[in-house]
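Below you'll find the structure, written out as C-alpha coordinates, and then a few comments.
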Amino acid sequence: MPKFSVAICSMNAADTIRQACESASFADEIIIVDSGSTDATPEIAKQYASKFVHQPWLGFTEQKKCSASLCSNDWVLILDSDEEISPKLAQQIQSLTDEQLEKLDVLNMPRRNYVMGRYVRAWDPDMQSRLIHRDRAVWPDETLHDARLPSHPSRVKNLTGHLEHKKASAADFADYFSGSRMDARLMKVAKQMYERGKRAKFTDFLFRPSLAFIKFFILKRGFLDGTFGFIIAQKAASSVQLKYAALWAYQQQQRNQ
(Lines give C-alpha, C1' and ligand atoms only; values in the text may rest on other atoms or scores of the structure.)
Protein backbone atom coordinates (compact mmCIF):
# COMPACT_ATOMS: atom_id res chain seq x y z
CA MET A 1 0.00 0.00 0.00
CA PRO A 2 1.33 3.49 -0.83
CA LYS A 3 2.29 5.68 2.12
CA PHE A 4 -0.11 8.50 3.02
CA SER A 5 0.18 11.51 5.28
CA VAL A 6 -2.72 13.36 6.86
CA ALA A 7 -2.23 17.11 7.32
CA ILE A 8 -4.57 18.86 9.77
CA CYS A 9 -4.89 22.62 10.33
CA SER A 10 -6.26 23.48 13.75
CA MET A 11 -7.41 26.44 15.83
CA ASN A 12 -9.38 26.07 19.07
CA ALA A 13 -10.76 22.69 18.04
CA ALA A 14 -10.74 20.86 21.37
CA ASP A 15 -14.24 19.48 20.73
CA THR A 16 -13.35 17.87 17.40
CA ILE A 17 -9.57 17.36 17.05
CA ARG A 18 -9.57 13.98 18.80
CA GLN A 19 -12.21 12.56 16.44
CA ALA A 20 -10.33 13.97 13.45
CA CYS A 21 -7.08 12.33 14.51
CA GLU A 22 -8.66 9.00 15.40
CA SER A 23 -10.37 8.83 12.01
CA ALA A 24 -6.92 9.29 10.42
CA SER A 25 -5.27 6.51 12.43
CA PHE A 26 -4.64 4.47 9.28
CA ALA A 27 -2.25 7.12 7.92
CA ASP A 28 1.51 6.67 8.08
CA GLU A 29 1.82 10.04 9.78
CA ILE A 30 -0.38 12.86 11.07
CA ILE A 31 0.97 16.40 10.75
CA ILE A 32 -0.88 19.09 12.71
CA VAL A 33 -0.34 22.80 12.11
CA ASP A 34 -1.93 24.97 14.77
CA SER A 35 -2.51 28.71 14.31
CA GLY A 36 -2.62 29.70 17.96
CA SER A 37 -5.15 27.66 19.91
CA THR A 38 -5.92 28.86 23.43
CA ASP A 39 -7.98 25.83 24.46
CA ALA A 40 -6.92 22.21 24.94
CA THR A 41 -6.32 21.60 21.22
CA PRO A 42 -2.47 21.41 21.45
CA GLU A 43 -2.55 18.97 24.37
CA ILE A 44 -5.00 16.66 22.60
CA ALA A 45 -3.31 16.98 19.20
CA LYS A 46 0.12 16.08 20.52
CA GLN A 47 -1.23 12.70 21.64
CA TYR A 48 -1.73 11.80 17.96
CA ALA A 49 0.58 13.99 15.91
CA SER A 50 3.79 12.73 14.33
CA LYS A 51 4.67 16.41 14.17
CA PHE A 52 2.92 19.37 15.82
CA VAL A 53 3.85 22.84 14.55
CA HIS A 54 2.71 26.32 15.52
CA GLN A 55 2.18 28.57 12.50
CA PRO A 56 0.36 31.93 12.65
CA TRP A 57 -2.59 32.00 10.26
CA LEU A 58 -1.53 32.47 6.63
CA GLY A 59 -4.94 32.22 4.94
CA PHE A 60 -7.03 29.24 3.86
CA THR A 61 -4.82 28.18 0.97
CA GLU A 62 -1.39 29.05 2.36
CA GLN A 63 -2.01 27.40 5.74
CA LYS A 64 -2.89 24.12 4.07
CA LYS A 65 0.03 24.39 1.67
CA CYS A 66 2.25 24.85 4.70
CA SER A 67 0.84 21.72 6.34
CA ALA A 68 1.34 19.67 3.17
CA SER A 69 4.95 20.86 2.84
CA LEU A 70 5.74 19.45 6.30
CA CYS A 71 4.66 15.93 5.34
CA SER A 72 7.26 13.28 4.55
CA ASN A 73 5.07 11.45 2.00
CA ASP A 74 4.10 12.65 -1.47
CA TRP A 75 0.44 11.72 -1.04
CA VAL A 76 -1.30 13.94 1.49
CA LEU A 77 -4.88 14.02 2.71
CA ILE A 78 -5.78 17.58 3.73
CA LEU A 79 -8.14 17.47 6.71
CA ASP A 80 -9.75 20.23 8.75
CA SER A 81 -9.72 19.82 12.51
CA ASP A 82 -13.54 19.67 12.58
CA GLU A 83 -13.73 16.88 9.98
CA GLU A 84 -13.59 13.10 10.22
CA ILE A 85 -12.66 10.50 7.62
CA SER A 86 -15.53 8.03 7.35
CA PRO A 87 -14.67 4.31 7.54
CA LYS A 88 -15.72 3.87 3.90
CA LEU A 89 -13.42 6.69 2.76
CA ALA A 90 -10.54 5.31 4.83
CA GLN A 91 -11.05 1.89 3.22
CA GLN A 92 -11.10 3.38 -0.28
CA ILE A 93 -7.90 5.32 0.34
CA GLN A 94 -6.12 2.27 1.72
CA SER A 95 -7.15 0.20 -1.30
CA LEU A 96 -5.48 2.56 -3.78
CA THR A 97 -2.43 1.15 -5.54
CA ASP A 98 0.78 2.74 -6.79
CA GLU A 99 -0.34 1.99 -10.35
CA GLN A 100 -3.59 3.91 -9.86
CA LEU A 101 -1.95 6.85 -8.13
CA GLU A 102 0.74 7.18 -10.78
CA LYS A 103 -2.01 8.37 -13.16
CA LEU A 104 -3.49 10.87 -10.70
CA ASP A 105 -2.74 14.23 -9.08
CA VAL A 106 -5.94 14.82 -7.09
CA LEU A 107 -8.70 12.66 -5.64
CA ASN A 108 -12.01 14.31 -4.76
CA MET A 109 -14.44 13.13 -2.12
CA PRO A 110 -17.94 14.20 -1.01
CA ARG A 111 -18.44 15.85 2.37
CA ARG A 112 -21.44 15.47 4.65
CA ASN A 113 -22.05 18.67 6.62
CA TYR A 114 -23.74 19.10 9.98
CA VAL A 115 -25.24 22.26 11.50
CA MET A 116 -25.92 22.13 15.24
CA GLY A 117 -25.71 18.35 15.04
CA ARG A 118 -28.11 17.98 12.10
CA TYR A 119 -27.12 16.65 8.71
CA VAL A 120 -27.61 19.26 5.95
CA ARG A 121 -29.13 17.39 3.01
CA ALA A 122 -29.17 20.45 0.73
CA TRP A 123 -25.39 20.88 0.78
CA ASP A 124 -24.63 17.48 -0.74
CA PRO A 125 -22.44 16.40 -2.40
CA ASP A 126 -20.01 19.23 -1.44
CA MET A 127 -17.08 17.69 -3.31
CA GLN A 128 -13.67 18.38 -1.77
CA SER A 129 -10.26 18.09 -3.46
CA ARG A 130 -8.39 16.74 -0.46
CA LEU A 131 -6.19 13.77 -1.37
CA ILE A 132 -3.33 15.17 -3.42
CA HIS A 133 0.12 14.49 -4.72
CA ARG A 134 1.78 17.52 -3.17
CA ASP A 135 4.26 18.04 -6.02
CA ARG A 136 1.75 17.65 -8.85
CA ALA A 137 -1.42 19.30 -7.57
CA VAL A 138 -2.04 22.98 -8.37
CA TRP A 139 -3.19 25.36 -5.62
CA PRO A 140 -5.37 28.22 -6.98
CA ASP A 141 -5.64 31.26 -4.75
CA GLU A 142 -9.15 31.31 -3.28
CA THR A 143 -10.25 33.73 -0.57
CA LEU A 144 -13.25 31.88 0.81
CA HIS A 145 -12.82 28.20 -0.08
CA ASP A 146 -9.48 26.56 -0.73
CA ALA A 147 -9.12 24.01 -3.54
CA ARG A 148 -6.56 21.95 -5.37
CA LEU A 149 -6.54 21.11 -9.08
CA PRO A 150 -4.83 18.42 -11.18
CA SER A 151 -2.12 19.33 -13.66
CA HIS A 152 -4.48 17.97 -16.35
CA PRO A 153 -8.25 17.29 -16.19
CA SER A 154 -7.65 13.59 -16.83
CA ARG A 155 -5.54 13.23 -13.70
CA VAL A 156 -8.39 13.38 -11.18
CA LYS A 157 -10.60 10.72 -9.61
CA ASN A 158 -13.76 10.95 -7.50
CA LEU A 159 -14.11 8.73 -4.45
CA THR A 160 -17.51 7.93 -2.91
CA GLY A 161 -16.57 7.70 0.76
CA HIS A 162 -17.41 10.82 2.78
CA LEU A 163 -15.68 13.32 4.93
CA GLU A 164 -17.88 14.15 7.93
CA HIS A 165 -17.83 17.89 8.70
CA LYS A 166 -18.68 19.16 12.20
CA LYS A 167 -20.37 15.89 13.11
CA ALA A 168 -18.86 16.04 16.61
CA SER A 169 -18.75 19.83 16.88
CA ALA A 170 -20.18 21.77 19.81
CA ALA A 171 -20.69 24.80 17.52
CA ASP A 172 -23.98 26.55 18.27
CA PHE A 173 -26.38 28.91 16.49
CA ALA A 174 -23.93 31.84 16.44
CA ASP A 175 -21.32 29.82 14.56
CA TYR A 176 -23.63 29.49 11.56
CA PHE A 177 -26.10 32.35 11.64
CA SER A 178 -24.61 35.38 13.43
CA GLY A 179 -22.91 36.62 10.27
CA SER A 180 -19.66 37.52 12.03
CA ARG A 181 -17.63 34.89 10.18
CA MET A 182 -18.94 35.98 6.80
CA ASP A 183 -18.55 39.66 7.65
CA ALA A 184 -14.85 39.15 8.34
CA ARG A 185 -14.31 37.80 4.81
CA LEU A 186 -16.83 39.75 2.73
CA MET A 187 -14.60 42.54 1.48
CA LYS A 188 -11.77 40.09 0.70
CA VAL A 189 -14.19 38.03 -1.36
CA ALA A 190 -15.51 41.18 -3.06
CA LYS A 191 -11.98 42.26 -3.94
CA GLN A 192 -11.21 38.89 -5.50
CA MET A 193 -14.47 38.92 -7.48
CA TYR A 194 -13.71 42.43 -8.74
CA GLU A 195 -10.17 41.47 -9.79
CA ARG A 196 -11.62 38.55 -11.73
CA GLY A 197 -13.89 40.87 -13.70
CA LYS A 198 -17.13 40.47 -11.75
CA ARG A 199 -19.37 43.54 -11.35
CA ALA A 200 -22.50 43.82 -9.23
CA LYS A 201 -25.62 44.74 -11.21
CA PHE A 202 -29.18 45.45 -10.16
CA THR A 203 -30.29 42.12 -11.62
CA ASP A 204 -27.85 40.31 -9.32
CA PHE A 205 -29.74 41.63 -6.30
CA LEU A 206 -33.10 41.03 -7.95
CA PHE A 207 -32.57 37.39 -8.92
CA ARG A 208 -29.52 35.76 -7.32
CA PRO A 209 -30.76 35.54 -3.70
CA SER A 210 -34.10 34.05 -4.82
CA LEU A 211 -32.35 31.57 -7.11
CA ALA A 212 -30.08 30.51 -4.24
CA PHE A 213 -33.11 29.87 -2.05
CA ILE A 214 -34.82 27.84 -4.79
CA LYS A 215 -31.65 25.84 -5.36
CA PHE A 216 -31.19 24.77 -1.74
CA PHE A 217 -34.83 24.46 -0.67
CA ILE A 218 -36.42 22.99 -3.82
CA LEU A 219 -33.83 21.57 -6.20
CA LYS A 220 -31.58 20.13 -3.49
CA ARG A 221 -34.59 18.96 -1.44
CA GLY A 222 -34.06 21.08 1.62
CA PHE A 223 -37.85 21.09 1.99
CA LEU A 224 -37.61 17.49 3.20
CA ASP A 225 -36.00 18.85 6.38
CA GLY A 226 -38.88 21.20 7.14
CA THR A 227 -38.08 24.35 9.09
CA PHE A 228 -34.41 23.39 9.34
CA GLY A 229 -34.14 23.10 5.55
CA PHE A 230 -35.96 26.43 5.14
CA ILE A 231 -33.49 28.19 7.45
CA ILE A 232 -30.50 26.70 5.61
CA ALA A 233 -31.87 27.92 2.25
CA GLN A 234 -32.68 31.33 3.68
CA LYS A 235 -29.13 31.66 5.01
CA ALA A 236 -27.78 30.80 1.54
CA ALA A 237 -29.95 33.52 -0.01
CA SER A 238 -28.82 36.16 2.49
CA SER A 239 -25.16 35.18 2.01
CA VAL A 240 -25.47 35.70 -1.74
CA GLN A 241 -27.10 39.10 -1.20
CA LEU A 242 -24.35 40.18 1.20
CA LYS A 243 -21.63 38.99 -1.16
CA TYR A 244 -22.94 41.08 -4.05
CA ALA A 245 -23.58 44.04 -1.74
CA ALA A 246 -19.91 43.88 -0.72
CA LEU A 247 -18.90 43.73 -4.38
CA TRP A 248 -21.09 46.76 -5.12
CA ALA A 249 -19.48 48.66 -2.23
CA TYR A 250 -16.00 47.72 -3.46
CA GLN A 251 -16.89 48.98 -6.94
CA GLN A 252 -17.87 52.34 -5.46
CA GLN A 253 -14.54 52.54 -3.66
CA GLN A 254 -12.65 51.88 -6.89
CA ARG A 255 -14.64 54.55 -8.76
CA ASN A 256 -13.97 57.14 -6.09
CA GLN A 257 -10.22 56.64 -6.05
Side-chain angles (χ1 to χ4, degrees), residues 9-13 15-16 19-20 57 59-61 63-64 78-84 86 108-130 142-147 162-194 196 198-251:
C9 295
S10 65
M11 173 64 177
N12 289 338
D15 59 334
T16 58
Q19 292 88 338
W57 182 247
F60 291 99
T61 296
Q63 194 79 358
K64 289 179 178 177
I78 306 293
L79 190 68
D80 286 342
S81 57
D82 58 2
E83 294 175 334
E84 301 171 44
S86 69
N108 299 325
M109 57 208 63
R111 183 170 69 171
R112 290 171 62 94
N113 295 278
Y114 296 80
V115 169
M116 296 185 295
R118 287 194 60 169
Y119 161 55
V120 185
R121 179 195 315 270
W123 289 352
D124 281 353
D126 193 20
M127 296 299 290
Q128 302 287 315
S129 52
R130 296 297 188 83
E142 294 291 339
T143 298
L144 193 56
H145 299 292
D146 62 279
H162 286 83
L163 291 173
E164 305 279 0
H165 183 220
K166 291 186 181 291
K167 186 176 183 180
S169 176
D172 59 12
F173 177 88
D175 185 69
Y176 301 98
F177 300 110
S178 70
S180 59
R181 295 177 65 195
M182 175 62 84
D183 291 345
R185 308 179 200 173
L186 271 175
M187 293 312 294
K188 293 180 181 179
V189 172
K191 180 176 182 293
Q192 186 174 75
M193 292 173 69
Y194 185 88
R196 293 179 175 179
K198 292 277 189 179
R199 298 294 183 268
K201 304 181 293 296
F202 177 75
T203 52
D204 292 321
F205 298 100
L206 189 62
F207 296 115
R208 287 185 183 274
S210 297
L211 290 173
F213 181 87
I214 291 169
K215 173 184 176 181
F216 289 103
F217 192 65
I218 304 298
L219 300 181
K220 304 205 78 173
R221 301 185 299 164
F223 65 89
L224 294 176
D225 293 324
T227 300
F228 177 74
F230 183 89
I231 291 172
I232 292 296
Q234 189 177 53
K235 176 61 162 55
S238 63
S239 296
V240 169
Q241 183 176 25
L242 285 171
K243 181 173 68 173
Y244 278 88
L247 176 58
W248 180 86
Y250 189 80
Q251 290 171 204

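Bear in mind that the values here come from a model prediction, so they are computed numbers and not experimental data. The residues of the chain are indexed from 1 along the displayed sequence.
- Scanning both residues, Ser81 and Ser10, for their nearest heavy atoms gives OG-CA, 3.7 Å.
- Checking side-chain atoms of Ser86 against main-chain N and O of His162 turns up a donor-acceptor pair under 3.5 Å.
- Summarising the geometry, atom NE2 belonging to His165 is positioned 6.0 Å from atom CG belonging to Asn113; distances are rounded to the nearest 0.5 Å.
- We find the CD1-CE distance between Ile231 and Met116 to be 7.0 Å, quoted to the nearest 0.5 Å.
- One finds the CG atom of Leu163 at 10.0 Å from the CD atom of Glu84 (value rounded to the nearest 0.5 Å).
- Contacts classified as side-chain hydrogen bond (donor to acceptor under 3.5 Å, both in side chains) and involving residues 218-231 (residues at least two apart or in different chains) are given here: Arg121-Asp225.
- The NZ atom of Lys166 lies 13.5 Å from the OH atom of Tyr114; values are rounded to the nearest 0.5 Å.
- Of the inter-residue distances, the one linking Glu164 atom CD with Ser169 atom OG reads 13.5 Å to the nearest 0.5 angstrom.
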>> side-chain contact (heavy atoms from CB on, under 4.5 Å) for Phe228 and Val120? Distances and angles first, verdict last.
In response: CA-CA 9 Å; Phe228 177 74; Val120 185; 3.9 Å; yes
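- For the salt bridge (charged side-chain N to carboxylate O under 4.0 Å, His left out) test, residues two or more places apart in sequence or in another chain that qualify with Glu83 are Arg111, Arg130.
- Closest approach of Gly226 and Phe217 over heavy atoms only: O-CE1, 4.1 Å.
- Between Leu247 atom CG and Leu186 atom CG the span is 11.0 Å, to the nearest 0.5 Å.
- Summarising the geometry of Arg112 relative to Asp124, their closest heavy-atom pair is CA-OD1, 4.3 Å, with the distance given to 0.1 Å.
- Between the side chain of Thr16 and the main chain of Ala168, no donor-acceptor pair closer than 3.5 Å is present.
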Under 3.5 Å, which donor-acceptor pairs link side chains of residues 199-212 to any protein atom two or more places apart or in another chain?
from: Arg199; atom 1: NH1; to: Tyr194; atom 2: O; distance (Å): 2.9
from: Asp204; atom 1: OD1; to: Arg208; atom 2: NE; distance (Å): 2.7
from: Asp204; atom 1: OD2; to: Lys201; atom 2: N; distance (Å): 2.8
from: Arg208; atom 1: NE; to: Tyr244; atom 2: OH; distance (Å): 3.3
from: Arg208; atom 1: NH1; to: Tyr244; atom 2: OH; distance (Å): 3.4

